[in-house]
Student: 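Structure in structure tokens, see below.
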Amino acid sequence: GRPLRSRAHRRRWHSVRMAPLLRPSTAEGIYGCLAVAVVCTAWTGSYLPELAAEIIIYSLTLWAFHIYARVAHGGWSSRSGETVRYWAKAEWPHLEAAVPALVVVVTGWVIGLDPASTADLALAATVANLLLWQVALLIPERPSVRALVITVLLDVAVVAALISLRLWIK
């Protein structure tokens, strides 16, 4: 029979087996968060439904273009409804990444928050979402301390750039 394996071995095997399944969707989620962060950072309007519409339109467009690129890259022989559905599902995290910002914007609009402050809160929610997507990406890899430090430094750089741009645009 098969030798008994330790719990650590089974956990490591599971995370290695799951990593290819998690990696693409979490990478797309990270990319979607960065895209929504750009929308929230650059927005200077005064009507929150407009910001919500921009987030939705930008996210839908990004999602559609990524599906198109994946299908087009596959060549003529792979263009079918099944292929489009597969890539639509695979690229879905682009849209999921917009949800926290949309919740903040709609809530801010409903309760009457200042549009600029609401955009700032939407950006903060998007950055928090970005960090969650990164954690989901890193967990199966069991990164080294060095990789974690590099990730944190990159996060700090991204957040600093977004805050600087937001303050400059305001």
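The chain is numbered in sequence order, starting from 1. Note that this is a predicted model, so its numbers are computed, not measured.
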Student: Which residues pass the side-chain contact (heavy atoms from CB on, under 4.5 Å) test with Ile163, sequence neighbours left out?
Tutor: Val159, Leu167
Student: Can you see which heavy atom on Arg166 is nearest to which on Ala116, and at what distance?
Tutor: NH2-O, 3.5 Å
Student: Nearest 0.5 Å, what's the CD-CH2 distance between Glu28 and Trp92?
Tutor: 14.0 Å
Student: Treat each ILVMFWY residue as a node, draw an edge where side-chain heavy atoms are under 4.5 Å apart, and state whether Trp63 and Leu102 are in one component.
Tutor: yes
Student: Hey, what do you get for CG (Leu60) to CZ (Phe65), rounding to the nearest 0.5 Å?
Tutor: 11.0 Å
Student: Rounded to the nearest 0.5 Å, how far does OG1 of Thr151 lie from CG of Leu154?
Tutor: 6.5 Å
Student: Output yes when Glu82 and Lys89 qualify as a salt bridge under the 4.0 Å nitrogen-oxygen rule, no when they do not.
Tutor: no
Student: Is it possible for you to say whether Val149 and Val156 belong to one hydrophobic cluster, with membership spreading through side-chain heavy-atom contacts below 4.5 Å?
Tutor: no
Student: Could you give all pairs that pass the salt bridge (charged side-chain N to carboxylate O under 4.0 Å, His left out) test and reach residues 152-161, with sequence neighbours left out?
Tutor: none
Student: Could you tabulate the donor-acceptor pairs under 3.5 Å formed by side-chain atoms of residues 31-56, not counting sequence neighbours?
Tutor:
residue, atom, partner, partner atom, Å
Thr41, OG1, Ala37, O, 2.7
Trp43, NE1, Glu50, OE2, 3.2

Student: Applying side-chain contact (heavy atoms from CB on, under 4.5 Å), name anything that partners Ala147, two or more places apart in sequence or on another chain.
Tutor: Pro143, Ser144
Student: Of all the heavy-atom pairs spanning Val71 and Trp87, show the shortest one and how long it is.
Tutor: CG2-CD1, 4.1 Å
Student: Between Tyr58 and Tyr68, is there a shared hydrophobic cluster once you connect ILVMFWY residues whose side-chain heavy atoms come closer than 4.5 Å?
Tutor: no
Student: So, taking the atom named CG in Leu62 and the one named CD in Glu91, what distance separates them when rounded to the nearest 0.5 Å?
Tutor: 8.0 Å
Student: Using side-chain contact (heavy atoms from CB on, under 4.5 Å) as the criterion, list what pairs up with Val103, not counting sequence neighbours.
Tutor: Val99, Thr107
Student: Can you give each donor-acceptor pair under 3.5 Å made by side-chain atoms of residues 121-133, sequence neighbours left out, with the distance rounded to 0.1 Å?
Tutor:
residue, atom, partner, partner atom, Å
Thr126, OG1, Ala122, O, 2.8
Asn129, OD1, Trp133, NE1, 3.4
Asn129, ND2, Ala97, O, 3.2

